[in-house]
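The structure appears below as structure tokens.
Just so we're on the same page: letters track the sequence lines, and every chain starts at 1.
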Protein chains: 2
Amino acid sequence: MDNQINILIVEDHLSYAQGMQFLLQQNPKINEVNIAIDRNEALAKLEKNAVQIVLLDLQFDTTEYDGFTIAKKIKQLYPEIKIMVLTQHARKGHHRRLFDECAVNAYLDKKLGIEETYLAIDEVLKGNTYIDKSIQQILDIEEFMKISSREREVLEELCEGQIQKQIADTLSISPKTVEVHVRNLFKKFRVKNSTELIARYIVYRNANRDTNTEMRLPFKK
Amino acid sequence: MDNQINILIVEDHLSYAQGMQFLLQQNPKINEVNIAIDRNEALAKLEKNAVQIVLLDLQFDTTEYDGFTIAKKIKQLYPEIKIMVLTQHARKGHHRRLFDECAVNAYLDKKLGIEETYLAIDEVLKGNTYIDKSIQQILDIEEFMKISSREREVLEELCEGQIQKQIADTLSISPKTVEVHVRNLFKKFRVKNSTELIARYIVYRNANRDTNTEMRLPFKK
DNA sequence: AATTCAATACGGGTTTTCCCTTAATTTTTG
DNA sequence: CAAAAATTAAGGGAAAACCCGTATTGAATT
């Protein structure tokens, strides 16, 4: 069962697809790797062959369709197939469309090493989503840069240990609104709860703050 | 009512006490400032004069008593009097004894500016406790250095957004035990909840980590 | 030997967070 | 100007956190 993984690469740059095909075939867990260079070939091959994973490029030379429409079509026809999107340039707008509209399972940079691709395959087969670290960083920072002022206020209050009700009082808004801000921040930072949110916020706040910020601690370890 | 504040300074270094007396008298809210240079004089003056605040030095030249015993005696006789402890060298052991055994209301560094002393007076009169920032930092770091390994594991899991039940699973202990660790960490860091705990933990973890730690972010703002 | 402290665990109750939904108003942006 | 975000708000319910105890064990310290 474990070495029965069949993969379809959907990618109009044949040489890249063949290189990836070769690399994937080195993994004993992977049974068969096919290539489709356009939308129609992809749908035709999905009809004939049972595959568990589609590796999908986002950019196609044609203007007829793109990775998004292909992803949606495949998910509509075969909801159980895991779609792993490859991209040259990660964009947060793409990311949002991919996961919200197209329900893809992974978002990977084309420069990714093969080992991490294997890891990503394992994760999506387990039912998890996977975003590789370099993409994650770009997305994080793009998102971080556009935290609204209200959201930043909420974050700073959370760091002080204020509970939602208290934050609502100091900002003179409803506790329910504070809750919405917190929930939107969960999405932006892609975290599960407040503690993880604050952990990530502090790290990025420290990393991105101006260099003239004084260090308040009297000594270093 | 507001400018009826009477203060007793208990301090065996007269010149320091007199300087403090002068400074405090500049504040229109403060009515009278007296000085006692030893334990007996302090108790005698408390009997005669109604004071709301005692400014107490921790170190005395005699070995008969110290600031701790005086604080306990005063709180025993006049529980409503707020005791603000002054120290030259903050120690976490002192801090713990002061707040747990002696129930003092503030812990201040002698080097503190007068404005922050006024602020501390306001806070203790409101019923809050006050610890000045420089002392707080020393205490924080002393505490940070002696987080138990179990506590550190819990902290790291919290940063990853794991909930107490999940942490219990990964550490193979009861969720109730995880809860205890978290509550002990609240005390050590003197925070109100998990979000504030993580905010402080990350700041100190970053401040105290080795300099050869690579910065993972690709660019700075 | 005695004390302290870290780590373990349980019970019971209150508070807060978190999730799902819907929706109006304002601001920003293309 | 129209579309897209941001900000505002609400209700209901499940899950998690938090607070108050008590208690046992083993290891370290005095």
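- Listed candidates were D:dA16, C:dA9, D:dA9. Nearest to the side chain of B:Ile163 is D:dA16.
- One N or O on the side chain of A:Asn6 and one on the backbone of A:Ala50 form a donor-acceptor pair closer than 3.5 Å.
- In this structure, CG in A:Asp12 is found 14.5 Å from CZ in A:Arg39, a value given to the nearest 0.5 Å.
- Distance from the side chain of A:Arg150 is smallest to D:dT8 among D:dA16, C:dT17, D:dT8.
- To the nearest angstrom, P of D:dA17 lies 13 Å from CD of B:Glu157.
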Donor-acceptor pairs are to be reported for all side-chain atoms of residues 154-162 of chain B against protein atoms at under 3.5 Å, with residues two or more places apart or in another chain.
| from | atom 1 | to | atom 2 | distance (Å) |
| --- | --- | --- | --- | --- |
| B:Glu156 | OE1 | B:Arg205 | NH1 | 2.9 |
| B:Glu156 | OE2 | B:Tyr201 | OH | 2.4 |
| B:Glu156 | OE2 | B:Arg205 | NH1 | 3.0 |

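- Of the listed nucleotides (D:dT8, C:dA9, D:dT7), D:dT7 has the atom at the smallest distance from the side chain of A:Glu151.
- Here B:Ser174 lies in heavy-atom contact (under 4.0 Å) with sugar-phosphate atoms only.
- Taking NE2 of B:His181 as the start and CG of B:Leu171 as the end, the distance is 7.5 Å to the nearest 0.5 Å.
- Following rounding to the nearest Å, A:Asn184 (CG) and C:dA23 (P) show an atom-to-atom distance of 18 Å.
- Within the 4.0 Å cut-off from OP1 or OP2 of C:dA6, not a single side-chain nitrogen or oxygen of B:His181 is found.
- If you take CD of B:Gln162 and P of D:dA16, they are 12 Å apart, rounded to a whole angstrom.
- Distance, B:Leu185 CG to C:dA6 P: 11 Å, rounded to whole Å.
- As a whole-Å value, the separation of A:Arg152 CZ from D:dT7 C1' is 16 Å.
- Computed from coordinates, the A:Glu196 CD to C:dT17 P distance equals 17 Å when rounded to whole Å.
- The CG-P distance, from B:Leu171 to C:dT8, rounds to 8 Å in whole Å.
- Separating the CG atom of A:Leu155 from the C1' atom of D:dA6 is a distance of 15 Å, rounded to the nearest angstrom.
- Here the side chains of A:Leu56 and A:Ile70 are in contact, with some heavy-atom distance below 4.5 Å.
- Between A:Glu11 and A:Lys110 a salt bridge is recorded (basic side-chain N to carboxylate O distance below 4.0 Å).
- For the residue pair A:Val191 and A:Arg200, the shortest heavy atom distance occurs at CG1-CD, 3.0 Å.
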Nucleotide-resolved protein contact map, nucleotides 18-24 of chain D, B/S/- at heavy-atom distance under 4.0 Å: BBB----
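- For the OP1/OP2 pair of C:dA7 and a distance below 4.0 Å, the side-chain nitrogens and oxygens of B:Ser148 include at least one atom meeting the criterion.
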